[in-house]
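By convention in this document, chain letters (A, B, ...) are assigned in the order of the sequence lines, proteins followed by strands, and residues within each chain are numbered from 1.
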2 protein chains.
Amino acid sequence: MIRLLLADDQALVRGALAALLQLEDDLEVVAEVSRGDEVVDAARESTPDVALLDVEMPGIDGLAAARLLRDAVPTCRVLMVTTFGRPGYLKQAMSAGASGFVVKDTPARQLADAVRRVHSGLRVVDPTLAAESLTQGDSPLTEREADVLQAARSGGTVAVIAKTLFLSEGTVRNHLSSAIGKTGARTRAEAVRVAVDNGWLLPH
Amino acid sequence: MIRLLLADDQALVRGALAALLQLEDDLEVVAEVSRGDEVVDAARESTPDVALLDVEMPGIDGLAAARLLRDAVPTCRVLMVTTFGRPGYLKQAMSAGASGFVVKDTPARQLADAVRRVHSGLRVVDPTLAAESLTQGDSPLTEREADVLQAARSGGTVAVIAKTLFLSEGTVRNHLSSAIGKTGARTRAEAVRVAVDNGWLLPH
DNA sequence: CGAATCGCATGACACCTGTCATGGGGGACT
DNA sequence: AGTCCCCCATGACAGGTGTCATGCGATTCG
């Protein structure tokens, strides 16, 4: 019996995944959580063999949860199951110690196999996504540029961003300008879009 | 036996929902599609009693699909099952002839009941969402303002928006200014965010 | 130790944006 | 017919934005 932990903020999806996986004779869902910051505690209690984590979650995101889980319960392998196949997510997931990365577009039948492979120590990665991830390289943004872009997501002016980050307006404009150049965009809004699509910004 | 059609672009979620619903003795999944524009054809072939439609789908969105389905197969009731509980989506879903509206945050156990209620002619609506929807009223945006905001989502400049919509730049700025005023925003990016959050813009 | 890179900052400049006044044309409703 | 609202457009203005040159302190790396 492979013991599973499910983490997904959408209760319906979580329950449905549980139903899907319970159909397999060798799989058993032993814990379900809806928030990233509940993952470690739940894993400590239920000692799962494999944790299926969504990336987008309240509390902390699935990538951060994977890092914590690796340290807290090293025997538990991690399979990321996420909506968005952003290349940057894959990289972060792997460096966070995940054993597999599956997008929610993949056929339902393959999920159980992915779980079994991860459990047996293999790595599971979407081939298309892996190619994209290799082609495209790491995020070109510096930490501060990413911060500023992140702050620009809600649509505020430079003045607002400067205040929330405790920077001068000129510095904010410089970081933005640099980020716009690196993303190949022409406006900050476009730069935000590009960065989000590539997974260069934190989820949410 | 209640015959079901599932429409969701994420294969994994679709399959999982199928597994969940098949557990019920009185429910039967007779068709699955991944695109909005496949809903009507599938419904014609399989004559489902209830169609579960996601809002976000390639081809045409679930709201448009619901409208077409109502005309093409009037005996089939529609239950929208969607990720985002945007008030505007609920309104559009109801005017599109849907019998129910469920967000993916709801507990998995309630889904089967929702299906049964919809099948028996009742309406199923998330109470919280219904309240929000009533509080907040219809979209204040004119058709053209929504078009311009939609075009502004990708982050292009006024000149780009003007070209794609075959308008003068001045007109684009006027529509944007008006939309910014109506949304209570200060910049176009903020206006886009507000409009999207409220479901005043088309999905995707 | 240099050299490179990054974060932070200032100031200046061309350009883009958001706002406003104003106007004409068209459909809807009284 | 008159009124109202929407669409489209023009022109002008204040203020925001993106770019560039330049500078300083800190950190990293060969």
Asker: Write down the distance between CG (A:L176) and P (D:dG16), rounded to a whole number of angstrom.
Answerer: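 Rounded to whole Å, this separation is 15 Å.
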Asker: Mind jotting down which residue pairs meet the side chain to side chain donor-acceptor pair (under 3.5 Å) criterion with at least one end in residues 173-186 of chain A? Sequence neighbours excluded, please.
Answerer: A:E145-A:S178, A:E145-A:K182
Asker: If you assign each of B:P140 and A:A189 to its closest nucleotide in DNA chain D, which residue comes earlier from the 5' end?
Answerer: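 Closest to the 5' end, via its nearest nucleotide, is B:P140.
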Asker: Looking at A:K104 and A:D54, does any basic side-chain N land under 4.0 Å from a carboxylate oxygen?
Answerer: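 Salt bridge present between A:K104 and A:D54.
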Asker: Can I get a per-line list of side-chain donor-acceptor pairs under 3.5 Å for residues 80-90 of chain B, giving both atom names and the distance, sequence neighbours left out?
Answerer:
residue	atom	partner	partner atom	Å
B:T82	OG1	B:E56	OE1	3.4
B:R86	NE	B:V196	O	2.9
B:Y89	OH	B:E56	OE2	3.4

Asker: May I have the distance from A:E169 (atom CD) to D:dT17 (atom P), rounded to whole angstrom?
Answerer: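 In whole Å, D:dT17 P and A:E169 CD are 8 Å from each other.
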Asker: Looking at CG of B:L5 and CG of B:L69, how far apart are the two atoms once the value is rounded to the nearest 0.5 Å?
Answerer: 7.5 Å
Asker: Got a sec, which residues hit side chain to side chain contact (heavy atoms under 4.5 Å, CB included) with A:E45, two or more places apart in sequence or on another chain?
Answerer: none
Asker: Quantified as the angle between the terminal helix axes (five pairs each), what is the overall bend of the helix from C:dC1-D:dG30 to C:dT30-D:dA1 to 10 degrees?
Answerer: 40°
Asker: Among pairs that include at least one residue of residues 153-166 of chain B, which meet side chain to side chain donor-acceptor pair (under 3.5 Å), considering only residues two or more places apart or in two chains?
Answerer: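 The answer is none; no pair qualifies.
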Asker: Working to the nearest 0.5 Å, report the span between CG of B:L20 and CG of A:L17.
Answerer: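 One gets 10.0 Å once the value is rounded to the nearest 0.5 Å.
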Asker: Go through the steps for B:R144 and B:L167 under the test side-chain contact (heavy atoms from CB on, under 4.5 Å), then give the verdict.
Answerer: CA-CA 11 Å; B:R144 220 51 181 155; B:L167 291 176; 4.0 Å; yes
Asker: Think A:R186 has a side-chain N or O under 4.0 angstrom from the OP1 or OP2 of D:dG18?
Answerer: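 Checking A:R186 against D:dG18: no side-chain N or O falls below 4.0 Å of OP1 or OP2.
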Asker: Among residues 146-163 of chain B, which ones have heavy-atom contacts with DNA chain C below 4.0 Å?
Answerer: B:T157, B:V158
Asker: Spell out protein contact along nucleotides 4-9 of chain C as letters: B when the base is contacted, S when just the sugar-phosphate is, - when no protein heavy atom is under 4.0 Å; keep the 5' to 3' order.
Answerer: ---SSB
Asker: Within the sub-3.5 Å range, which N or O atoms of nucleotides 25-27 of chain D have a protein N or O partner, and how far apart are they?
Answerer:
none

Asker: Can you check the B:R173 CZ to C:dC15 C1' distance for me, whole Å?
Answerer: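 After rounding, the reported distance stands at 11 Å.
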Asker: Using the test side chain to side chain contact (heavy atoms under 4.5 Å, CB included), find all partners of A:A65 that sit at least two apart in sequence or belong to another chain.
Answerer: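 Side chain to side chain contact (heavy atoms under 4.5 Å, CB included) list for A:A65, sorted by chain: A:V39, A:L53, A:I60.
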Asker: Residues in side chain to side chain contact (heavy atoms under 4.5 Å, CB included) with A:S95, at least two apart?
Answerer: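 None.
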Asker: Can you pull out every side chain to side chain donor-acceptor pair (under 3.5 Å) where at least one residue sits in residues 27-44 of chain A? Sequence neighbours excluded, please.
Answerer: A:R14-A:E32, A:R35-A:D37
Asker: Using a cutoff of under 3.5 Å, can you pull out all pairs of nitrogen or oxygen atoms linking the protein to nucleotides 24-28 of chain C, with atom names and distances?
Answerer:
none

Asker: Provide, to the nearest angstrom, the distance between the CD atom belonging to A:E190 and the C1' atom belonging to C:dC16.
Answerer: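 Taking atom C1' of C:dC16 as the reference, CD of A:E190 is at 14 Å.
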Asker: Side chains of A:V103 and A:T106: does their closest heavy-atom pair fall under 4.5 Å?
Answerer: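 Yes, their side chains come closer than 4.5 Å.
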